[in-house]
Amino acid sequence: MRIETEVPVGQVIDQIRFYLDAAESYHAEMNRLTFKRWHNDVVEYLAEHFTYDDAENYFVEQADLKGSSVLWTDMSDEDRIASFNVPKARKALRKILKSIEIGKSEKDDPTAEINADDDTSVLSRKVFVVHGHDRAILREITSTLEKLEFVPVVINELANQGNTIIEKIEQHSNVGFAVVAFTPDDKGASKSDFANGISEDRPRQNVILELGYFWGRLKRNRVCLLNAVGEKLSSDLQGLGYTKIDGAGLWRFEMAKELKAAGYEVDLNNLM
């Protein structure tokens, strides 16, 4: 989302917090008209006070459609009210607020969130996700981060703006944490093993390169390695602690623990 406003940022943050406070008592069975009035107030505020319509569109999509296959513009007023999803509306507004707060911290002190040696620095809740070809695992990682109220940064989903891949990574590396997913996308072997028809699963070479990049930028305690290729890692990685991507999804809780150990406030109940 592009979050830009000409109104003082502190004023916007206070207003959105006011809306969130007002919605704390809302629940799925509440009076729909009460929620509709609150919803309309939020949409009007986002439309009026933000330079782009990203925040407004995001809120409408997350708060209103509830997975419906019917276009919002084709719904009757009654259907629209029935489709409101109160928990998702609050979550969407919290995410917009978090994006604004992140942008404010970057403007106030652009070095604060990337100074890995300073434990008192402001930790950005933007998390860079390094991935290979497994889109299903990528979706699970980004979904888990969003449930924990982080903002995942996925390089392939960002505009190129004429930059090379490494330039894009550098441009968007002002994050507080990185998650690197080793998935079995390639096959590799020594020359002798290859001659004997022996090979093993390996992650993409760019994934290993980007792991090293974020180790250097953030330090190892702010990089979580998720491993789905097995125990045969490269010699430089032997003995390194990592989180195994298991079918039961326990890795999501391990990743959350790594974020918490890095200094973030993390509510594991959001993963239940």
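If you're wondering where the values come from, they're calculated on a predicted model, not measured in any experiment.
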Taking atom [atom1] of [X] and atom [atom2] of [Y], what is their separation to the nearest 0.5 Å?
| X | Y | atom1 | atom2 | answer |
| --- | --- | --- | --- | --- |
| Ile245 | Trp251 | CD1 | CH2 | 6.5 Å |
| Thr164 | Ile169 | OG1 | CD1 | 8.5 Å |
| Lys260 | Asp267 | NZ | CG | 8.0 Å |
| Leu225 | Tyr242 | CG | OH | 8.5 Å |
| Tyr45 | Glu56 | OH | CD | 13.5 Å |
| Tyr19 | Trp38 | OH | CH2 | 9.5 Å |

Check the pair Arg139, Arg135 against side-chain contact (heavy atoms from CB on, under 4.5 Å), reporting the backbone distance first and the verdict last. CA-CA 6 Å; Arg139 286 193 297 272; Arg135 305 297 295 182; 3.7 Å; yes
Should the pair Arg125 and Phe150 be classed as cation-pi, given the thresholds of under 6.0 Å to the six-membered ring centre and 45° from the axis? yes
Other residues, nucleotides, ligands: >12 heavy atoms within 6.0 Å of Glu170 CD: yes
More than 12 non-hydrogen atoms from neighbouring residues, nucleotides or ligands closer than 6.0 Å to CZ on Phe253, yes or no? yes
Please examine the side chains of [Y] and [X], heavy atoms only from C-beta on, and report whether any two atoms are closer than 4.5 Å.
| X | Y | result |
| --- | --- | --- |
| Thr142 | Val154 | yes |
| Pro152 | Ile141 | no |
| Phe59 | Val42 | yes |
| Ile155 | Val153 | no |
| Leu259 | Leu145 | yes |
| Ile16 | Leu93 | yes |
| Leu226 | Phe182 | no |
| Val179 | Val130 | no |

Do Val223 and Leu209 belong to the same hydrophobic cluster, where Ile, Leu, Val, Met, Phe, Trp and Tyr are linked whenever their side-chain heavy atoms lie under 4.5 Å apart, directly or via other members? no
Taking a hydrophobic cluster as the set of Ile, Leu, Val, Met, Phe, Trp and Tyr residues connected by side-chain heavy atoms closer than 4.5 Å, whether directly or through intermediates, do Leu158 and Val180 fall within one such cluster? yes
Shortest non-hydrogen contact from [X] to [Y]?
| X | Y | answer |
| --- | --- | --- |
| Leu271 | Ala256 | CD1-CB, 4.2 Å |
| Pro184 | Ala228 | CD-O, 3.7 Å |
| His131 | Asn206 | O-ND2, 4.2 Å |
| Asn221 | Ala262 | O-CB, 3.9 Å |
| Phe177 | Glu258 | CE1-O, 4.0 Å |

Quick one about Asn40 and Glu44 (side-chain donor to acceptor, distance below 3.5 Å, no hydrogens or angles considered), yes or no? no
Between Glu149 and Asn270: side-chain donor-acceptor atoms closer than 3.5 Å: no
Only residue of Lys98, Lys95, Arg94 satisfying salt bridge (Lys or Arg N to Asp or Glu O under 4.0 Å) with Glu146 is Lys95
Evaluate the criterion side-chain contact (heavy atoms from CB on, under 4.5 Å) for residue pair Asn227 and Thr243; output intermediate values, then yes/no. CA-CA 6 Å; Asn227 182 17; Thr243 297; over 6 Å; no
Please say which of Lys168, Lys126, Arg217 ends up in a side-chain hydrogen bond (donor to acceptor under 3.5 Å, both in side chains) with Ser173. Arg217
Could you tell me whether a side-chain N or O of Arg222 sits under 3.5 Å from a main-chain N or O of Lys219, the two making a donor and an acceptor? no
Test Val151 against Val175 for side-chain contact (heavy atoms from CB on, under 4.5 Å), laying out the working first. CA-CA 10 Å; Val151 181; Val175 298; over 6 Å; no
Check against side-chain contact (heavy atoms from CB on, under 4.5 Å), Lys244 and Glu254: CA-CA 9 Å; Lys244 180 180 178 182; Glu254 294 301 318; over 6 Å; no
